[in-house]
Amino acid sequence: MINNIIPTPKKISIQNGVIEVPFSVSVEHAAWSEYTQTLSLAFEKLFLHPLEAGDGIRLCYDPSISPKGYRLDSTAGIALFASDAEGLLYAMASLLLAINQKNGALTLERAIIEDYPDKDYRALMVDLAREWHPAHCIHKYVDLCFLLKIKYLHLHFIDDQRYTLPSKAFPHITDGNRFYSFEDIEAFRMHANRCGITLIPEFEVPGHAASLNKNYPEVFANRIDSNDNSIVTEEGAVISAQNIICAGSDTAFSAIQTLLAEICEMFPETPYIHIGGDEACIRVWNDCPVCRAYMASNGLEDEYELYSEFVGRVARVVLDLGKTPIVWEGFPQKGVKHIPKETIVTAWESHYHMADDLLREGFKIINGSWQPLYIVPGLKRRWGVSEILSWNVYNWQHWWEHSKARLNPIYVQPTENVLGAQLSVWECTFEQEFGRTLENLCALSERVWTVERLHDDLTFFERCSKPTLLRIARFVQDV
């Protein structure tokens with residue numbers, strides 16, 4: 001049903017009657033030939049029948065349509081119009097949800113749909129480091145993003161528990177633990193490219209780095225004055241057992257440059273590299289003579305300024321590699337001058353750095369508000385579709401008593417510098433998270449594709465009905 005398309009199109013003109021959906025496809029723009037396979041594979045998964053070459057569904061080029069927009073016309077045949085591949089793929093996603101299937105017959109209401117996204121940054125983040133996700137799960141999330149018009153899939157590859165990316169320069173960085181091979185990464189890329197999904201890899205520093213310290217302590221760990229949080233290596237060096245790397249070490253920084261270059265090589269299409277940057281136990285740096293010497297020689301007042309300066313240095317490495325860095329809201333306001341303004345900040349906790357402050361300081365930001373955009377294990381602090389529908393992209397909320405957004409949610413004026421929003425899934429296995437992710441991602445897509453709310457809760461639940469969710473789930477699970 002056309003009224004089951006998620007997110008809701010901005011303009012729908014339904015006419016009388018239905019049209020039979022053909023199992024053939026033609027392309028009228030040579031550059032789009034590769035996307036006939038994307039649509040054919042989708043038909044095979046959903047309707048058990050691939051598309052043949054023919055005059056059925058027409059993929060048409062229309063330069064008058066704004067970039068990323070599309071028009072679906074089923075008044076006389078089925079034609080998908082766009083001026084770029086991104087818009088074409090959105091038209092395909094709408095078509096797949098709009099088709100009626102009954103007793104093996106496929107039909108489509110006669111209608112004209114015209115649509116485009118308000119916000120470009122519509123993302124899903126999945127935590128692959130704390131709870132291992134087999135490679136096939138990543139492919140499922142690519143398909144989910146495709147069908148719901150979620151443009152970015154942010155993959156949290158690295159945390160204390162494991163480093164899940166392969167490395168030629170540091171082959172033991174995975175410590176024999178679960179990780180993705182170069183072949184896996186290539187398969188992720190190829191699948192994402194076919195579906196128009198941009199993968200964003202995350203490399204987490206300076207905190208959440210216990211796996212780096214464990215597997216290459218001589219490279220990354222702080223050399224510290226002996227205390228309860230130290231260990232002695234076989235060579236007699238006293239190093240930190242905590243999960244933060246040494247911010248003053250040339251050796252550590254050179255290794256970061258090497259690893260980031262490897263990540264850029266593995267993900268050549270992505271415009272973004274996420275470098276983490278939050279929840280770092282920076283007090284350790286006061287016990288590290290290497291960090292103390294670095295602060296003294298570079299005129300840094302304390303560990304807080306070192307924190308911002310370090311994030312800025314890593315951000316500039318990413319910029320030099322031709323990518324745009326993204327960081328979590330985690331660095332303090334002190335020393336913010338060290339961070340290049342090209343850096344995009346995901347504002348999530350409203351504790352370290354407020355969204356309105358970041359905007360005033362000249363950053364572009366992503367709304368990653370913990371409440372209601374986080375999914376974590378357990379029954380507590382759980383938000384669902386209704387909470388996301390009542391939220392908007394210019395609003396930050398939180399349940400935590402230390403967050404400034406708890407009693408006074410943060411609102412900012414509409415601005416293009418809020419790029420969009422992200423649903424983040426943490427510390428769950430695929431089996432634990434998928435049902436909630438499916439439902440909440442439908443709501444996120446609805447609220448970010450079109451910023452102005454189009455439906456009350458009841459109407460949205462009628463659109464996002466059980467048959468619609470089952471179709472999406474069937475498409476995603478059948479990999």
Side-chain angles (χ1 to χ4, degrees), residues 125 128-129 135 138 152-160 162-175 177 179-190 192-193 197-221 243-278 280 290 294 307-328 330-331 338-346:
M125 189 228 75
L128 308 177
I138 313 305
Y152 298 100
L153 178 57
H154 169 181
L155 300 173
H156 186 80
F157 281 114
I158 302 153
D159 215 294
D160 291 334
R162 57 181 61 86
Y163 190 103
T164 66
L165 286 172
S167 172
K168 295 177 182 177
F170 296 93
H172 304 298
I173 204 165
T174 58
D175 193 28
N177 211 330
F179 65 97
Y180 304 104
S181 66
F182 287 107
E183 292 74 18
D184 289 332
I185 300 301
E186 182 68 10
F188 298 160
R189 284 184 51 242
M190 293 299 99
N193 289 345
I197 305 304
T198 300
L199 302 179
I200 300 178
E202 181 176 353
F203 174 78
E204 177 84 26
V205 287
H208 293 272
S211 57
L212 299 179
N213 286 347
K214 174 185 176 184
N215 298 323
Y216 283 92
E218 71 282 5
V219 175
F220 295 103
N243 66 344
I244 185 169
I245 67 172
C246 182
S249 166
D250 291 339
T251 300
F253 195 76
S254 176
I256 289 170
Q257 291 174 302
T258 298
L259 289 168
L260 284 170
E262 286 188 330
I263 292 170
C264 288
E265 185 177 349
M266 281 186 272
F267 297 92
E269 297 86 3
T270 183
Y272 303 120
I273 301 293
H274 204 297
I275 57 175
D278 70 333
V290 178
Y294 183 89
Y307 190 1
S308 295
E309 191 269 352
F310 178 83
V311 171
R313 272 190 286 152
V314 178
R316 280 188 287 275
V317 171
V318 174
L319 289 167
D320 289 343
L321 289 166
K323 309 290 187 182
T324 298
I326 305 179
V327 300
W328 299 108
F331 56 87
H338 297 289
I339 300 175
K341 291 301 186 288
E342 299 93 331
T343 305
I344 296 170
V345 184
T346 304

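The structure displayed is predicted, hence computed values, not measured ones.
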Engineer: Is a donor on one side and an acceptor on the other found under 3.5 Å between the side chain of T164 and the backbone of A129?
Structural biologist: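 No, because the side chain of T164 does not come within donor-acceptor range (under 3.5 Å) of the backbone of A129.
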Engineer: Which word best sums up how the rings of F220 and Y216 line up, parallel for under 30°, tilted for 30 to 60°, or perpendicular for over 60°?
Structural biologist: perpendicular
Engineer: Strictly distance-based, threshold 3.5 Å: is any side-chain N or O of S254 a donor or acceptor partner for the main-chain N or O of T251?
Structural biologist: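 Here the side-chain-to-backbone pair does not exist.
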Engineer: Are K214 and Y163 in a cation-pi setup, meaning NZ or CZ lies under 6.0 angstrom from the ring centre and within 45 degrees of the ring axis?
Structural biologist: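 Judged by the rule (NZ or CZ under 6.0 Å from the ring centre, within 45° of its axis), K214 is not positioned above Y163.
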Engineer: Are the side chains of V317 and I256 in touch, meaning some heavy atoms are under 4.5 Å apart?
Structural biologist: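 Side-chain contact under 4.5 Å: no.
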Engineer: Please work out whether the ring planes of Y180 and F188 are parallel, tilted or perpendicular, with thresholds of 30° and 60°.
Structural biologist: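 The arrangement is perpendicular - the two ring planes meet at more than 60°.
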Engineer: Checking the side chain of Y307 only, and the main-chain atoms of P206 only, is there a donor and an acceptor separated by less than 3.5 Å?
Structural biologist: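 No.
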Engineer: One pair to check against salt bridge (charged side-chain N to carboxylate O under 4.0 Å, His left out): R189 and E269. What are the steps and the verdict?
Structural biologist: CA-CA 8 Å; R189 284 184 51 242; E269 297 86 3; 2.3 Å; yes
Engineer: Assess, by modelled atom type and distance only, whether the side chains of H208 and D159 contain a donor and an acceptor separated by less than 3.5 Å.
Structural biologist: yes
Engineer: Could you give the distance from CZ (F170) to CG (L165), rounded to the nearest 0.5 Å?
Structural biologist: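 If I round to the nearest 0.5 Å, the distance is 14.0 Å.
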Engineer: Taking all non-hydrogen atoms of both residues into account, name the closest pair between E309 and R316 and its distance.
Structural biologist: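 Taking every non-hydrogen atom into account, O-NH2, 4.5 Å.
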Engineer: Taking all non-hydrogen atoms of both residues, which atom of E342 and which atom of T324 are closest, and how far apart?
Structural biologist: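 Taking E342 first and T324 second, the nearest heavy atoms are O-CG2, 3.5 Å.
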Engineer: Report yes or no: does T270 contribute a side-chain atom to a donor-acceptor pair with the main-chain N or O of I200 at less than 3.5 Å?
Structural biologist: no
Engineer: Verify the neighbour count for atom CD of E265: are there more than 12 heavy atoms of other residues, nucleotides or ligands below 6.0 Å?
Structural biologist: no
Engineer: Are N213 and I245 close enough that some pair of their side-chain heavy atoms sits under 4.5 Å apart?
Structural biologist: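 Answer yes - side chains close enough.
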Engineer: Ignoring hydrogens and angles, tell me if any N or O in the side chain of D160 forms a donor-acceptor pair with the backbone of A210 under 3.5 Å.
Structural biologist: yes
